[in-house]
Amino acid sequence: MSKSKIVIGNWKMNKSFDEAEDLITTIEESLADYQLETEVVLCPPAIYAELVTDHASLEDSRFYAGLQNVSEYDNGAYTGEVSASMLASMDVDFCIVGHSERRKYFGETDTVVLKKMRQLLDQQLIPVMCCGEILEDRKSGRHQDVVKAQIEATLYELTPEQMERTMVAYEPVWAIGTGETATPAQAQEMLAFIRSLIEKKFGTEVAYNTYILYGGSCNAANALSIFSQPDVDGGLIGGASLKADEFIKIIEAAETAGKDN
Ligand code: PGA
């Protein structure tokens, strides 16, 4: 039996409040006529969480609410941070963790990523754990080793029950925001490898059920060829999720790929 796909929009640090509202409304209106199997998650900047959760809570809403980051700590004296229990109390369902931009600019290590995942899982949120290699590692053929180390330091520390509630996004750092996408074959090869790592630790059923997404310069033109790969369960979309028409086309590609699989 095939799984439906998931498309996650990662808005990063973009959009004014009015622009964010406009984007959400346009996406919602554009999706109104679809019989969607694909699950759509919108991850705005945290300050706009309510904008998304308000829409997501509507009875006929076509999307779920997510955010891009969470604190590794419980509530308390951590100025500027936002806790997993706060996300839960706002009815946020998903949260990205370990994005390469957080690893690079905010020193987020695998240890921190694991703490954040545990915070989210304790609050019944779904972590979307990002992993991926830099260009140097790809060129020297060490890309699988790098991703394996990231997975072992994070996912392998979860219980099987926690793993069942976790998603993975493979995002080669060299493809993020660069316009250079992994080829469908490269994406498939790595996602199959990640699934095999999950299988080794957690068994075949958990590995099959785990959503593993591709991210990195995914757009309306290349989404279908990537999503059609057997191990690609959907996409984590950055730049292209900021334009409603482009994002809708990516969701359409996920629908088509989901039906064809
Ligand atoms: P991009 O970003 O689609 O702009 O390359 C993807 C991501 O960083 O999640």
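For clarity, every value in this text was computed on a predicted model and none was experimentally measured. For ligands, and for the atoms within them, numbers begin at 1 and follow the listed sequence.
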| query | With only distance considered, is Gly177 within less than 3.5 Å of ligand 1 through an N or O on each side? | reply |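 Between Gly177 and ligand 1 (N or O atoms, distance only) the closest approach is under 3.5 Å.
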Atoms of ligand 1 less than 4.0 Å from [X] heavy atoms?
X: Ala175; answer: 5 (O)
X: Gly216; answer: 5 (O)
X: Asn10; answer: 9 (O)
X: Leu236; answer: 6 (C), 9 (O)
X: His99; answer: 7 (C), 8 (O), 9 (O)

| message | Assigning hydrophobic clusters by single linkage (Ile, Leu, Val, Met, Phe, Trp, Tyr; side-chain heavy-atom cutoff under 4.5 Å), is Val232 placed with Val7? | response |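 Yes, Val232 connects to Val7 through the hydrophobic network.
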Considering only non-hydrogen protein atoms, determine which one is nearest to [atom] and report residue, atom name and distance to 0.1 Å.
atom: atom 4 (O) of ligand 1; result: Gly239 N, 2.8 Å
atom: atom 7 (C) of ligand 1; result: Glu171 OE2, 3.1 Å
atom: atom 3 (O) of ligand 1; result: Gly238 N, 2.9 Å
atom: atom 2 (O) of ligand 1; result: Lys12 NZ, 3.2 Å

| task | Report yes or no: is the cationic atom of Lys3 (NZ for Lys, CZ for Arg) under 6.0 Å from the centre of the six-membered ring of Tyr208, at an angle within 45° of the ring normal? | result |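 Yes, a cation-pi geometry.
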| query | Looking only at side chains, do Trp174 and Glu133 share a donor and an acceptor under 3.5 Å apart? | reply |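 Yes, Glu133 and Trp174 have a side-chain donor paired with an acceptor closer than 3.5 Å.
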| With under 30° as parallel and over 60° as perpendicular, where do the rings of Tyr156 and Phe202 fit, or are they tilted in between? |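 Correct class here is perpendicular.
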| query | Got a sec, which pairs hit side chain to side chain donor-acceptor pair (under 3.5 Å) with one end in residues 211-224, sequence neighbours left out? | reply |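 Qualifying pairs, neighbours excluded: Thr181-Asn222, Asn219-Asn222.
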| field | Presence of salt bridge, Glu255 and Lys259, under 4.0 angstrom | value |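 Answer for the salt bridge query: yes.
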Identify all side-chain donor-acceptor contacts of residues 50-58 below 3.5 Å with residues at least two apart in sequence or on another chain.
{"residue": "Thr53", "atom": "OG1", "partner": "Ala49", "partner atom": "O", "Å": "3.2"}
{"residue": "Thr53", "atom": "OG1", "partner": "Glu50", "partner atom": "O", "Å": "3.2"}
{"residue": "His55", "atom": "ND1", "partner": "Glu28", "partner atom": "OE1", "Å": "3.1"}
{"residue": "His55", "atom": "ND1", "partner": "Glu28", "partner atom": "OE2", "Å": "3.2"}
{"residue": "Ser57", "atom": "OG", "partner": "Thr53", "partner atom": "O", "Å": "3.2"}
{"residue": "Ser57", "atom": "OG", "partner": "Asp54", "partner atom": "O", "Å": "2.9"}

